[in-house]
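Heads up: the structure comes next, in structure tokens.
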Amino acid sequence: MIRTHDAGSLRASDAGTTVTLAGWVARRRDHGGVIFVDLRDGSGIAQVVFREEDAHALRNEFCVKVTGEVTRRPAGNENPDLATGEIEVTASALEVLSEAAPLPIPIDDNVDAGDDIRLKYRYLDLRRSGPANALKLRSRANQIAREVLHGHGFHEIETPTLTRSTPEGARDFLVPVRLQPGTWYALPQSPQLFKQLLMVAGLERYYQIARCYRDEDFRADRQPEFTQLDIEMSFVTQDDVIALGEELVAKLWGELAGHQVQLPIPRITWTDAMNRYGSDKPDLRYGVELNELTDYLRGTEFRVFAGAIDAGGYVGAVVMPGGAAQSRKELDGWQDWAKARGARGLAYVVLDESTGEPRGPVAKNLSADHLTGLADQVGAKPGDAIFFAASAHRREAQELLGAARIEIAKRTGLIDADAWAFCWVVDAPMFERTDDGGWTAVHHPFTSPNSEWLDRFEEAPDRALAYAYDIVVNGNEIGGGSVRIHRGDVQSRVFDLLGIAPDEAQDKFGFLLEAFKYGPPPHAGIALGWDRTCMLLSGNDSIREVIAFPKTRGGFDPLTSAPTPITAQQRLEAGVDAKPKAPAPAAGSAGVAAPVEKSN
RNA sequence: GGUCCUGUGGAGCAGUUGGAGUGCUCGCCGCCCUGUCAAGGCGGAGGUCGCGGGUUCAAGUCCCGUCAGGACCGCCA
């Protein structure tokens with residue numbers, strides 16, 4: 001070893017020891033006759049004192065080796081802000097291991113550069129403690145997951161990243177195949193099908209920290225390549241998977257966020273989540289629940305509401321505490337906010353601060369009876385504002401109110417930034433209508449109906465429930481999974497309902513169906529969105545912070561400049577333009593949902 | 001695909017209703033300085049105001065286009 005000690009590990013008890021440190025010049029304070037250098041290595045920082053001229057030439061981020069004696073700092077010169085603040089190293093020898101050019105970005109925990117420049121010089125960005133700690137936290141999270149899972153007899157098994165295209169779902173990333181020009185691999189959107197095959201194989205308990213790829217538009221919490229903690233178990237029920245998920249989450253948050261997760265984590269049905277919070281990933285850190293008014297307002301002459309009610313739809317409201325104090329401009333701003341979300345607007349009534357009298361454009365359109373009981377019906381007080389949404393499509397109106405609920409919480413400061421509110425969203429619907437009147441799987445077509453619906457989901461596909469569950473914290477979905485169908489007859493009936501003909505199913509999932517002929521065990525699983533989980537654990541608001549070398553919103557990597565054009569020679573060899581020998585199977589039709597796990 | 005925000009020395013920011021020398025902090029270079037810890041003092045270098053058009057006597061500032069980064073909607077079932 002080039003060094004004898006880690007700089008950050010030195011304490012007063014090391015005084016008198018001669019040590020050799022190696023690291024970087026984090027900061028230097030040159031007083032002429034005495035020069036202080038903060039020497040930083042992976043463990044932290046120690047102050048080195050030079051009394052020789054040669055240290056004068058040191059510059060920030062020079063990589064150096066220093067030998068010297070650990071001494072207690074003179075009385076009054078201790079630095080309580082530093083773990084090593086009681087001591088310093090009095091240098092007797094200095095060797096410059098490598099010099100550093102002037103830096104393109106400051107390596108300073110107090111200064112944040114722009115995203116593109118940070119990513120271009122990510123190796124410098126990561127010399128800062130914040131960014132480095134995020135990656136270290138993620139490493140520990142991986143370790144905790146492995147400890148928990150191996151404790152339960154799981155096997156870590158890798159699955160291919162060069163595989164076949166998944167019909168529908170997100171867009172695939174495609175890789176041309178030189179050996180068979182005109183054919184393409186797809187990068188997996190998740191290891192979903194492979195992990196089910198591993199259950200057929202009798203491995204019983206599988207997990208993988210798996211890289212997944214989806215070619216869609218990116219966000220603060222979405223990257224083209226991302227990671228799932230992917231898990232599948234045989235001979236278990238939904239409750240078994242949920243119990244495992246809770247153990248993982250409790251250990252992760254317990255150690256990495258210093259938060260004791262109360263177990264069991266409360267469960268809310270998907271329908272309740274939509275009715276009360278207008279979201280399938282409700283943020284339970286605050287109230288502001290939705291109120292359904294469909295029955296209350298039945299018979300109203302206000303056309304916007306009557307139209308929705310007559311169409312068998314939904315009218316509901318959400319209350320903004322103190323919202324009556326908003327200016328006309330602010331209230332108009334809500335209309336723009338709603339329109340930006342594709343809604344026609346957001347009807348509102350404000351309750352007079354002192355009299356509680358309902359006012360506003362909508363109030364004029366409601367009958368005296370409806371106005372009189374309105375405040376009680378929605379739990380509003382004088383000084384509050386009531387926002388309404390109405391639609392023939394229940395979910396659409398609820399989601400608008402759900403978004404308004406979040407916005408209200410933000411604007412009125414109802415969100416406790418230190419709180420962690422976990423819940424499981426269970427009993428998700430099996431199917432939802434497609435635009436052309438058919439049905440599509442909400443989770444994926446291999447998700448099992450629950451026991452209540454197993455034999456009769458065809459009777460009311462819109463009400464049939466699945467053994468599907470999502471784990472949500474603070475309004476973020478951090479994982480989801482389901483019990484899978486393992487019976488051929490049930491799978492056939494699901495395909496029938498989804499309008500997938502047997503030959504089409506064979507074409508798309510033939511290898512899985514074939515495997516399922518040979519005694520597939522009952523199995524179930526879950527996938528945790530690992531980037532998002534680590535983002536939350538590290539207190540960041542972008543998953544880019546927990547990825548070593550992330551890409552920008554445009555899928556560009558400022559460090560390597562990927563992606564790049566290819567040469568004519570590469571293009572020819574890769575067979576990008578070659579025509580396949582056999583015609584491509586018809587691209588996804590009939591609204592088949594992707595057989596991929598929903599985890600982010 | 002849509003809406004919005006940002007783009008000014010190496011970094012982070014300011015720049016008024018369009019008006020004469022684009023300013024500040026940090027960093028960088030040189031000198032001074034023996035107890036600092038985001039050290040301090042003095043001096044200095046460094047800018048196509050993202051790019052291209054347009055309006056104007058005059059554009060960092062207004063308009064159009066475009067590129068880049070970010071936030072959101074669509075998308076991601």
Side-chain angles (χ1 to χ4, degrees), chain A residues 26-39 45-51 56 59-61 73-82 84-85 88 90 100-121 124-125 166-172 189-190 192 212-224 226 280 336-343 399-400 403 406-407 428-432 434 439-445 447 468 477 480 498 529 541-542 544 551-554 556 558 588 591-600:
Chain A
R27 202 163 254 125
R28 76 213 131 82
R29 294 172 291 279
D30 188 342
H31 291 241
V34 59
I35 299 170
F36 301 98
V37 166
D38 289 341
L39 186 88
I45 282 179
Q47 172 165 286
V48 181
V49 185
F50 292 91
R51 294 180 197 279
H56 185 69
R59 291 294 178 266
N60 282 342
E61 298 307 315
R73 294 194 186 189
N77 280 351
E78 299 87 354
N79 184 349
D81 297 333
L82 234 52
T84 58
E88 59 195 7
T90 305
L103 300 162
I105 56 172
I107 296 181
D108 186 332
D109 286 348
N110 306 304
V111 180
D112 256 327
D115 259 64
D116 44 351
I117 193 89
R118 282 183 61 202
L119 296 190
K120 180 173 181 184
Y121 296 100
L124 296 179
D125 186 47
T166 320
E168 303 271 336
R171 235 169 264 121
D172 286 319
Q189 295 182 24
S190 86
Q192 180 65 32
C212 308
Y213 308 86
R214 293 180 195 175
D215 184 8
E216 296 294 342
D217 287 4
F218 314 132
R219 292 282 168 76
D221 60 357
R222 299 200 317 239
Q223 284 267 303
F226 62 98
D280 58 4
D336 298 334
W337 173 89
K339 281 172 189 160
R341 234 149 258 272
E399 284 178 342
L400 178 63
I406 296 170
E407 192 63 26
M430 280 286 289
F431 310 102
E432 62 186 352
T434 57
W439 296 99
T440 184
V442 170
H443 193 70
H444 58 58
T447 300
E477 184 198 322
L498 295 174
D541 52 15
S542 168
R544 290 189 291 269
K551 294 170 181 59
T552 67
R553 246 186 69 78
F556 178 70
V592 183
V596 299
E597 193 84 89
K598 173 188 182 185
S599 82
N600 66 344

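Chain letters run A, B, ... following the sequence lines, proteins first, then strands; residues in each count from 1.
- When rounded to the nearest whole Å, the span between CD1 of A:Ile45 and P of B:U36 equals 18 Å.
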Item to complete: Mind running ring-ring contact (aromatic ring centres under 6.0 Å, His included) on A:Phe50 and A:His56 for me, showing each step along the way?
Response: CA-CA 9 Å; A:Phe50 292 91; A:His56 185 69; over 10 Å; no
Practice prompt. Go along nucleotides 23-34 of chain B 5' to 3' and tag each nucleotide: B for a protein heavy atom under 4.0 Å from its base, S when only backbone or sugar atoms are that close, - otherwise.
Written response: ----SSSS--BB
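- Of the nucleotides present, none pairs with B:C49 by Watson-Crick or G-U wobble criteria with both distances under 3.5 Å.
- Between the CG atom of A:Asp109 and the C1' atom of B:C37 there is a distance of 14 Å, given to the nearest Å.
- Regarding contacts with the backbone of B:C73, a side-chain N or O of A:Arg219 is found under 4.0 angstrom from either OP1 or OP2.
- A distance of 7.0 Å separates CG of A:Leu82 from CG of A:Asp38, quoted to the nearest 0.5 Å.
- Comparing atom distances between the A:Arg553 side chain and each of B:C72, B:G10, B:U36 picks out B:C72 as nearest.
- B:A77 atom C1' lies 9 Å from atom CZ of A:Arg214, rounded to whole Å.
- The pairing partner recorded for B:U3 is B:A71, the criterion being a Watson-Crick or G-U wobble arrangement whose two distances lie under 3.5 angstrom.
- For the 3.5 Å distance criterion, the side chains of A:Gln223 and A:Arg553 fail to qualify, holding no donor opposite an acceptor.
- Of the nucleotides present, none pairs with B:U56 by Watson-Crick or G-U wobble criteria with both distances under 3.5 Å.
- At whole-Å resolution of the value, CG in A:Leu119 and C1' in B:A11 are 15 Å apart.
- When the nucleotides B:G12, B:U36, B:G74 are ranked by their closest atom to the side chain of A:Gln47, B:U36 comes out on top.
- For A:Thr440 and B:A77, the shortest distance from a side-chain N or O to OP1 or OP2 is not below 4.0 Å.
- For the pair A:Glu407 CD and B:A71 P, the interatomic distance rounds to 16 Å; values are reported in whole Å.
- For B:C37, there is no paired nucleotide, since no Watson-Crick or G-U wobble pair has both relevant distances below 3.5 Å.
- Shown here, B:U22 forms no base pair; nothing in the strands shown gives a Watson-Crick or G-U wobble contact with both key distances under 3.5 Å.
- Looking at residues two or more places apart in sequence or on another chain, you find no salt bridge (Lys or Arg N to Asp or Glu O under 4.0 Å) involving A:Arg219.
- When rounded to the nearest whole Å, the span between CG of A:Asp38 and C1' of B:A38 equals 10 Å.
- The local environment of NZ in A:Lys120 is sparse, with at most 12 non-hydrogen atoms from other residues, nucleotides or ligands closer than 6.0 Å.
- Distance A:Arg341 CZ to B:U3 P: 16 Å, rounded to the nearest Å.
- Look at CZ on A:Arg171: it is 7 Å from C1' on B:C75, rounded to the nearest Å.
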